[in-house]
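Following: one structure in structure tokens, then a few remarks.
All figures in this text were calculated on a predicted structure; none of them were measured in a lab.
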Amino acid sequence: MADQRSMTIKGNMATAMGAKLCRPKVVPAYPITPSTLFPEKMSEFIADGELDAEMINVESEHSAMSACIGASATGVRTCTASASQGVALMHEMLFVASGMRLPIVMAVGNRALSAPINIWCDHQDTISSRDSGWLQFYAETNQEGLDLMINAFRIGEDNDVLLPAMVGIDAFVLTHTIEGVEVPAQEDVDDFLPPYEPPHGRLDPDEPSTFGSFGTPEYYQEFKQAQVEAMEGSREVIDRVFDEFEERFGRRYNKVTTYKCDDADIIILTMGSMTGTAREAVNRMREEGKKVGLAKLTVFRPFPYPELEEIMSGAKGLAVVDRNISPGGFGAVYSDLAGASINIEKKPLIKNFVTGLGGREIFVKNFVEIYEKTLAAVEAGEVKKPLEWINMNQEVMR
Amino acid sequence: MTKVKITVGAINKDAGSSRRYKTGGWRTMKPEVDLEKCVSCFKCFDYCPDGAIKKTDEGIEYDLDYCKGCGICAKECPVEAIVMVKEEK
Ligand code: SF4
Ligand code: SF4
């Protein structure tokens, strides 16, 4: 197994160190809470001569993503970081990046969207970009944040994929929290991640070409389909890269990781840092003899429905916990899962629980309540309320 | 139009291919210049958004393959040497 250095660092430092190990050549970034430490660290690495890259100070996140697109199109590894309003301001350019099939990697400190203004943890920023054609990874810990950055470059740059990727780490819960992290050695990452050689083309004045050229109605739909096929193709690549990462670095990643699901009647599905609390809740409930399991979603795009289908097949109830909400609809994970499972014959009753918005704490007792509400639906044989809010401050409601 | 194969990232390596697309086909009105009136100030040349005007010794000349008939040249001409006429097809 590769030698690694133990460090205790913040989540932003973990994603920055992960990015640095990938040797990006260009880092255009516009600092925003709670991701500010990422560009700060990247510019320090460059100033200290630890990283040979160009840092571009831009005037907005729209410009940051535009500069990423320009840089990546010249054929160099490119990364950035953002959060919340920043990701929202990039929205237009996110589609350009994926349409041009540029494997840019962005670390996101997942944060709520205004109004009201709120700087705390929430997945709405990246969830609202779910249709932009970017791969999406969500970390439970700082270690996962660092590792997923490396994996994201490797997967996104695969010749069968060529898609940009976001790596989400929860605002403050991870971005500003110090945790123990194993940092791989540079030579090992170099081995795992060869230099980026774009197979589809690069901007070069000596051999001029146009990127993202005009696509009339006769062509546009085929371009979108090709993008979808790349996303579909990434499923197998993700598995292969995660396997190889485990072999080299000893840490296992899955699109969905299960915990005590084998004999579970009720499975709780989580994403991001809330998973740690959910695991503790499952442990305590297991001690009381409750047949409850946990499934953690690490990859949200491509949505891992084949894996989820298998996990669901034995359960009676599935509680999908979403840290995002589409007003008038549901949480995104629930919507996707419900859509993907509609034609499956053997599926559990599925309930959606929305909580943790704008940095609202999620406690062990909240997962116990989620379990109990799902169990009640299973016992009643029907889901009367598909969407429920958890850990509300009723006293502040009008 | 002949169909081409789509490429990854909509990358077109056939540089300068836009020259082959004659954008003048969209036009409903076309400019006509009266060189008797033209004083060669070349305001029309500066303002034409499509580069469809060439400077000549006598004044100007239109490249109607690329003129889309917007009428800006006619509007800008200080001596009203340009008129827009209906395109006959
Ligand atoms: S603007 Fe009028 S006068 Fe000036 S160059 Fe054009 S046609 Fe001639
Ligand atoms: S009509 Fe418009 S496009 Fe045509 S020559 Fe005049 S300014 Fe140019």
For this session: Give every residue pair that meets the salt bridge (charged side-chain N to carboxylate O under 4.0 Å, His left out) criterion with at least one member in residues 41-62 of chain B, sequence neighbours excluded.
Result: B:Lys43-B:Glu76, B:Asp50-B:Lys68
Exercise. Hey, are A:Glu244 and A:Arg240 close enough for a salt bridge, meaning a charged N less than 4.0 Å from a carboxylate O?
Worked result: no
Problem set entry | Those residues of residues 191-215 of chain A, ordered by number, that approach chain B below 4.5 Å (heavy atom to heavy atom) | A:His200, A:Gly201, A:Pro208, A:Ser209, A:Thr210, A:Phe211, A:Gly212, A:Ser213
Exercise. Which of these passes side chain to side chain contact (heavy atoms under 4.5 Å, CB included) with A:Val237: A:Asp158, A:Asn159, A:Leu163?
Worked result: A:Asp158
For this session: List in chain and number order the residues that pass side-chain hydrogen bond (donor to acceptor under 3.5 Å, both in side chains) with A:Glu92, two or more places apart in sequence or in another chain; answer none if no residue qualifies.
Result: A:His62
Problem set entry | Sequence neighbours excluded, every pair satisfying salt bridge (charged side-chain N to carboxylate O under 4.0 Å, His left out) that has a member inside residues 60-81 of chain A | A:Arg77-A:Glu157
Exercise. Using a distance-only test with no angle check, is there a side-chain donor-acceptor pair under 3.5 angstrom linking A:Gln221 and A:Lys224?
Worked result: no
